[in-house]
Amino acid sequence: MVNLSRENGFNFLLAAGLLIIPFIAQSMDEPFGITLATRVAVLALAGVGLNLALGSGGLVSFGHAAFFGLGGYVAGILAHHALNYEPIMLSPFEINGTTEMLIIWPLAMLVSGLAALLIGYFSLRTSGVYFIMITLAFAQMIYYFAISWPAYGGEDGLPIYLRNTFPGVNTMDPISFFLIAYVILLLVIALVHVLNNSRFGAALQAARQNDERLSAVGIAPFNIRLVAFVISAMITGLAGALQADLLKFVDPSALSWHMSGEIMIFVILGGVGRLFGPVAGAALFILFESIFGGMTEYWMLFLGAVLLIVVLFARGGLVGFIAGKARHG
Amino acid sequence: MTSALFIEQLLNGLQFGVMLFLMAAGLTLVFGVMGLINLAHGALYMVGAFACATVANATGSFSLGIAASIAAAAAAGAIVEIAVIRRLYTRDHLDQVLATFALILIFSEGTRWIFGSFPLFLDVPELLAGPVMLPGGIQYPLYRLAIILVGGLVAVGLYLLIAKTRLGIRIRAGESDRAMIAALGIDIRFLYTVVFALGAALAGLAGALVGAIQSVEVGMGEPVLILAFVVIVIGGIGSIKGALVGAILVGVVDTMGRFLLPQFFQIFMDNVNANSVGSALATMLIYILMALVLIVKPKGLFPAHG
């Protein structure tokens with residue numbers, strides 16, 4: 001159990017560190033540091049979503065950008081209509097846009113979840129390499145649709161002129177917005193922890209390890225996987241909505257397969273299936289980007305090299321490196 | 001809509017399909033024989049296009065450029081196989097996806113470093129420039145016709161290679177039982193390098209051929225790669241025949257969809273709306289096709305392994 005407590009200690013340090021950084025940045029009058037910390041929190045949330053499918057369920061989804069981007073577009077489109085005073089639809093009843101995060105988030109999760117239900121219904125009938133390619137292909141379909149559909153900016157993307165609002169909080173204040181993202185991140189991680197240790201989580205892990213045995217005890221692996229895939233997509237969709245508000249902008253690149261790859265990188269760099277893995281991974285990614293991105297335009301080259309080395313030689317990621325081998329295989 | 005335009009679009013679809021086949025053949029071969037999913041296949045396509053553009057612009061000879069594209073892509077493929085890919089055969093698909101995704105980053109940024117962000121230009125060779133008159137009075141670019149021909153020849157050549165030659169026998173044997181053919185004294189590691197380089201060469205050829213009608217730029221391989229995935233999912237992963245059928249199907253459906261759907265919506269909408277709805281739907285058409293195929297045949301049209 002030594003490793004377990006060491007992992008918990010590392011998780012605590014990670015969570016505390018992420019919370020402190022924006023305040024240090026503010027005291028040093030470096031507001032950019034707050035933005036970076038917020039990006040870590042938002043991207044980590046996207047990774048937590050994927051980690052549920054990938055780590056716990058063994059579902060290698062290469063299409064999570066679809067949910068990330070859809071969440072972002074929900075935030076963007078609702079704000080666009082609200083700020084332009086244009087109803088989204090008039091008949092059969094009038095629906096207006098909104099700038100309330102508390103309405104935007106559930107809708108973003110709903111839309112991502114529905115998309116995941118549809119994509120999962122097709123892609124989960126297959127497995128292995130088919131699943132990877134099909135999730136990628138469906139995400140690409142939504143990406144091309146977003147590019148070719150002119151109503152919401154098409155290729156140019158959709159700006160959100162004023163950050164959406166949260167009751168009682170000034171979301172334009174960087175620290176306040178960071179805290180919103182941070183609290184959501186911790187709440188979702190807690191939720192995923194509960195989920196993983198529930199009967200559902202046990203069934204999901206069993207589905208990853210042995211399909212036949214799970215069927216033999218009377219649980220349909222397909223349904224378990226589909227539910228996990230949908231929940232995973234909803235979390236990533238929520239992250240997408242936050243990202244849109246952080247950047248005050250959403251464009252098709254949030255739906256692109258590079259985004260899917262990056263979300264996967266957060267999970268891998270941190271450690272697959274680790275509760276705080278995506279937080280560590282996203283932090284590493286942003287750290288890497290801000291260090292090497294400042295030095296050279298071609299920093300992705302070095303990212304590729306590091307990723308290659310991690311995959312070939314350092315499986316288990318940062319959390320695995322610090323806390324030792326995973327508890328379960 | 002005239003029938004001449006219709007046939008021209010059909011030929012465009014065929015040309016697109018043939019080009020997709022060159023990509024998909026390598027992907028499906030590598031998956032069938034080595035069980036590897038290779039995202040970096042699009043990078044090899046880009047390597048081929050850049051090699052062709054560089055050599056053709058330097059020497060003024062398009063055929064030298066094509067030769068260079070095949071050689072450069074095959075060499076890049078062999079190097080990558082020896083340095084990275086062969087460590088991945090025993091790994092799970094997640095590791096393969098990540099490592100080959102890392103290779104894409106390395107190839108793309110490396111190419112941007114060497115050649116810059118501006119696209120290179122590659123002209124259609126003079127011999128093949130200009131239109132040709134087809135029976136029925138249809139004018140069609142000779143170069144595109146040549147691509148269709150090359151693709152057809154490659155398909156036949158690949159069939160002969162796999163069905164009739166010793167190398168083909170070994171490839172098929174490697175597909176069904178790698179331990180057994182290793183026990184029979186075949187150097188399986190070398191065989192894998194050869195198969196990977198062969199797939200890379202085909203991708204490089206496709207990149208060079210397409211480079212002359214589109215621009216040669218970093219990232220050009222990625223959209224094609226994803227379409228090639230759709231092709232082999234439809235055709236059945238591991239099946240060359242499936243790759244051919246799937247590629248033609250995707251090429252024709254995509255091209256005809258972009259051509260016909262806007263016209264179809266014009267029947268009951270005004271022109272502007274019909275164009276935007278039609279073209280947005282057309283971009284989704286092949287993915288819908290893929291979903292439909294998967295409902296009927298979850299393992300693709302020509303499942304390779306039973």
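The sequence lines fix the lettering, A, B, ..., with proteins before strands; numbering per chain opens at 1. Please read all numbers here as calculations on a predicted model, not as lab measurements.
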Peer 1: Applying side chain to side chain contact (heavy atoms under 4.5 Å, CB included), run through B:Val230 and A:Met133 and close with a yes or a no.
Peer 2: CA-CA 7 Å; B:Val230 173; A:Met133 291 185 190; over 6 Å; no

Peer 1: Examine whether an atom of B:Met290 lies under 4.5 Å from a heavy atom of chain A, and if so say whether it belongs to the side chain, the backbone or both; otherwise answer neither.
Peer 2: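 Contact with chain A: side chain only.
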
Peer 1: With a 4.5 angstrom heavy-atom cut-off, is it the side chain or the backbone of A:Leu54 that approaches chain B, or both, or neither?
Peer 2: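 Contact with chain B: side chain only.
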
Peer 1: Look at A:Ala137, A:Pro150, A:Gly128 and state which one has the largest set of heavy-atom pairs under 4.5 Å with chain B.
Peer 2: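 Counting heavy-atom pairs under 4.5 Å, the top option is A:Ala137.
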
Peer 1: Is chain A contacted by the side chain of B:Leu88, its backbone, both, or neither, given a heavy-atom distance below 4.5 Å?
Peer 2: side chain

Peer 1: Quick check for you: to the nearest 0.5 Å, what is the distance between A:Leu303 atom CG and B:Leu105 atom CG?
Peer 2: 5.5 Å

Peer 1: Verify the neighbour count for atom CZ of B:Phe118: are there more than 12 heavy atoms of other residues, nucleotides or ligands below 6.0 Å?
Peer 2: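 Result for CZ/B:Phe118: open.
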
Peer 1: Which answer fits A:Val129, side chain, backbone, both or neither, if we ask what part of it has an atom under 4.5 Å from a heavy atom of chain B?
Peer 2: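 Looking at A:Val129, backbone and side chain both touch chain B.
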
Peer 1: Could you tell me the separation between the CG atom of B:Leu98 and the CD1 atom of A:Ile265, rounded to the nearest 0.5 Å?
Peer 2: 7.0 Å

Peer 1: Report yes if some heavy atom in the side chain of B:Leu94 is under 4.5 Å from a heavy atom in the side chain of A:Val311; otherwise report no.
Peer 2: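 The answer is no; the side chains never approach within 4.5 Å.
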
Peer 1: For chain B, which of A:Phe302, A:Phe122, A:Phe131 has the most heavy-atom pairs under 4.5 Å?
Peer 2: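 Ranked by contacts with chain B, first place is A:Phe122.
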
Peer 1: Using heavy-atom distances under 4.5 Å, tell me whether B:Val97 contacts chain A through its side chain, its backbone, both, or neither.
Peer 2: side chain

Peer 1: Quick one: CD1 on B:Ile37 to CD1 on A:Ile132, what's the gap to the nearest 0.5 Å?
Peer 2: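 Interatomic distance, B:Ile37 CD1 to A:Ile132 CD1, rounded to 0.5 Å: 4.5 Å.
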
Peer 1: Tell me, for A:Phe62 versus chain B, whether the close heavy atoms (under 4.5 Å) come from the side chain, the backbone, both or neither.
Peer 2: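 Answer is side chain: those atoms of A:Phe62 sit under 4.5 Å from chain B.
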
Peer 1: Sort B:Ile226 into side chain, backbone, both or neither according to what part of it lies under 4.5 angstrom from a heavy atom of chain A.
Peer 2: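 Just its side chain gets close to chain A.
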
Peer 1: Once you leave out hydrogens and angles, what donor-acceptor pairs under 3.5 Å do chain A and chain B share?
Peer 2:
from	atom 1	to	atom 2	distance (Å)
A:Arg125	NH2	B:Ile295	O	3.2
A:Tyr130	OH	B:Ile237	N	2.9
A:Tyr130	OH	B:Lys299	O	3.0
A:Trp257	NE1	B:Glu222	OE1	3.4
A:His258	NE2	B:Glu222	OE1	3.2
A:Val311	O	B:Arg91	NH1	2.9
A:Leu312	O	B:Arg91	NH2	2.7
A:Arg315	NE	B:Asp95	OD2	3.0
A:Arg315	NH2	B:Asp95	OD2	2.9

Peer 1: Measure the spacing between CE of A:Met300 and CD1 of B:Ile106 and express it to the nearest 0.5 Å.
Peer 2: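 Here the rounded value is 12.0 Å.
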
Peer 1: Tell me, for B:Leu27 versus chain A, whether the close heavy atoms (under 4.5 Å) come from the side chain, the backbone, both or neither.
Peer 2: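 Nothing of B:Leu27, per the 4.5 Å heavy-atom cut-off to chain A.
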
Peer 1: Roughly how far, to the nearest 0.5 Å, is CG of A:Leu307 from CD1 of B:Ile104?
Peer 2: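 So the CD1 of B:Ile104 and the CG of A:Leu307 are separated by 11.0 Å.
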
